[in-house]
Structure formats: structure tokens, C-alpha cells
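Predicted, not measured: the structure shown is a model, and the values here were computed from it.
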Amino acid sequence: MQAEHLAAAGHRRLGYAFPADPRVAGFAGPRLAGVRAACADLGLDDPVVLTVPLEIDAAKDAVATWRGASVTAVCAYNDDVALALLTGVRRSGLAVPGDLAVIGFDDIPGAAVADPPLTTVTTDHRAIAEHIAQTIVHGLEGTEAPLRPGSDVVGLVRRDSA
């Protein structure tokens, strides 16, 4: 969804901000795989992947590397990484989204009040939790598991950063 949104906005060269926190690697890998698959489906090159710690200097370095690689938009693993990038872009004397568009994931409360407000992807955690609970119950009862939730559990929150 991140890559599709950015491509629809005209971005042809994307970056991906991978988290530095090893505790989330199990989630980060599939998200990156999704962005890679979307880029391939859209006829875009593979995203330029950089690990971005939640530090201003590291974010500035990533911004410089992406700009040097002609990246115009970045999909961030989550909103925390995206917020670090927003700061890195501003501290580099650049503008979001004019010089580099940024899109996050999770729609944390701070995303709406960031400068600029962060475009992000949200997930209906309640629907997912209900599905997991029902799957467990059906498994314990020995009955057929419910259908998985559809793509409607994920949505785009359009704001000013991308």
C-alpha cells in the first residue's frame, strides 16, 4: 500500500527505511518483502534499502544516501522510523514532501501532529485480534477455521508527508 500510494503520486525511485531494532526484524522483513513485490508489480526498480536507527544523524545520513541515489520517496518500516526521517530531512535543509516524500506504518498518535503530518498505513487491530481468537476457538473445538480478514483491515491515512 505504501509503494502503491507513492507510485500513484508519481514517484518512480523509492527507498525503504528498515528499522535498526532487532526485536522487530520478524515484522520488518515481511513489510520490506511487500514493498519489493509492489515495486516489481508496478514496474519500479527494487527500493534502495537502508537501516535507519532512531537517531537524527543517522536519519540525515540516510536522507543524503537516498538523495544521491535519486530516491524521491521513502516507505518507512513504521511511524517511529518515519518521524526520525522527517527530522532528518528538515535538518538536512530539505522539505517533505517536496524533496523527499515519507510514508509510515501504524498511524501512531504522533503521526497526525508531526511536521508535516505523516501519511501512514493503519491496521484494524481489533478485526485481526478477533480473527486470531476465533481461529484458536475453532482449533480447540476441532471445527473449520474462519476465513482470514480481507484487505479491508488495512487502510491509507493521507496526510501531508507523501
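L54 is connected to L86 through a chain of hydrophobic side-chain contacts under 4.5 Å among Ile, Leu, Val, Met, Phe, Trp and Tyr, so both are in one cluster. The hydrophobic cluster containing V49 does not contain M1, counting ILVMFWY residues as joined when their side-chain heavy atoms lie under 4.5 angstrom apart, directly or transitively. Taking hydrophobic clusters as Ile, Leu, Val, Met, Phe, Trp and Tyr residues chained together by side-chain heavy-atom distances below 4.5 Å, I103 shares a cluster with L44. Cluster membership for V52 and L118, using ILVMFWY side-chain heavy atoms within less than 4.5 angstrom, is shared.
L83 and G110 get closest at one heavy-atom pair: CD2-O, 4.4 Å. L42 and A3 make their closest contact through CD1-O, 3.9 Å (heavy atoms, listed as atom of the first residue, atom of the second, distance). The two atoms that bring A162 and V102 nearest to each other are CB-O, 3.4 Å, heavy atoms only. Across every non-hydrogen atom of A82 and G104, the tightest pair is CB-CA, 3.9 Å. The shortest non-hydrogen separation linking A58 to P53 is CB-CD, 3.6 Å. When all heavy atoms are compared, the tightest approach of A59 to A84 is CB-O, 3.4 Å.
Taking CG of L14 as the start and SG of C39 as the end, the distance is 4.5 Å to the nearest 0.5 Å. A distance of 14.0 Å separates OG1 of T119 from CZ of F105, quoted to the nearest 0.5 Å.
No side-chain heavy atom of L85 sits under 4.5 Å from any side-chain heavy atom of L100. No side-chain heavy atom of Q2 sits less than 4.5 Å from a side-chain heavy atom of R31. S161 is not listed as a side-chain neighbour of P97, based on a closest heavy-atom distance of 4.5 Å or more.
In this structure, D80 has no salt bridge (charged side-chain N to carboxylate O under 4.0 Å, His left out) partners at least two apart in sequence or on a different chain. With sequence neighbours excluded, the residues that form a side chain to side chain contact (heavy atoms under 4.5 Å, CB included) with Q134 are H138, P146. Among residues two or more places apart in sequence or in another chain, the side chain to side chain contact (heavy atoms under 4.5 Å, CB included) test is passed with P19 by V24, A28, Y77, V81. Under the side chain to side chain donor-acceptor pair (under 3.5 Å) criterion, N78 pairs with no residue at all, not counting sequence neighbours. Listed by chain and residue number, V48, V71 satisfy the side chain to side chain contact (heavy atoms under 4.5 Å, CB included) test with A69 (two or more places apart in sequence, or in another chain). Judged as a side chain to side chain contact (heavy atoms under 4.5 Å, CB included), and not counting sequence neighbours, E144 has no contacts. With sequence neighbours excluded, no residue forms a salt bridge (charged side-chain N to carboxylate O under 4.0 Å, His left out) with R90.
The one candidate from V89, V63, V74 that meets the side chain to side chain contact (heavy atoms under 4.5 Å, CB included) condition with V96 is V89.
Under the side chain to side chain donor-acceptor pair (under 3.5 Å) criterion, the residue pairs touching residues 6-21 are H11-T72, D21-R23, with sequence neighbours excluded. Residue pairs meeting the salt bridge (Lys or Arg N to Asp or Glu O under 4.0 Å) criterion with at least one member in residues 109-118: none, sequence neighbours excluded. Listed by first then second residue, pairs satisfying side chain to side chain donor-acceptor pair (under 3.5 Å) with a partner in residues 53-68 number zero, not counting sequence neighbours. Sorted by first then second residue, the side chain to side chain donor-acceptor pair (under 3.5 Å) pairs that include residues 35-51, not counting sequence neighbours, are R36-D46.
At a cut-off of 3.5 Å, with distance as the only test, a side-chain donor of T120 or D79 sits close to an acceptor on the other residue.
With hydrogens and angles disregarded, no donor-acceptor distance shorter than 3.5 Å links the side chain of T122 to the backbone of D106.
Clustering of Ile, Leu, Val, Met, Phe, Trp and Tyr side chains at separations under 4.5 Å leaves I56 isolated, with no partner residue.
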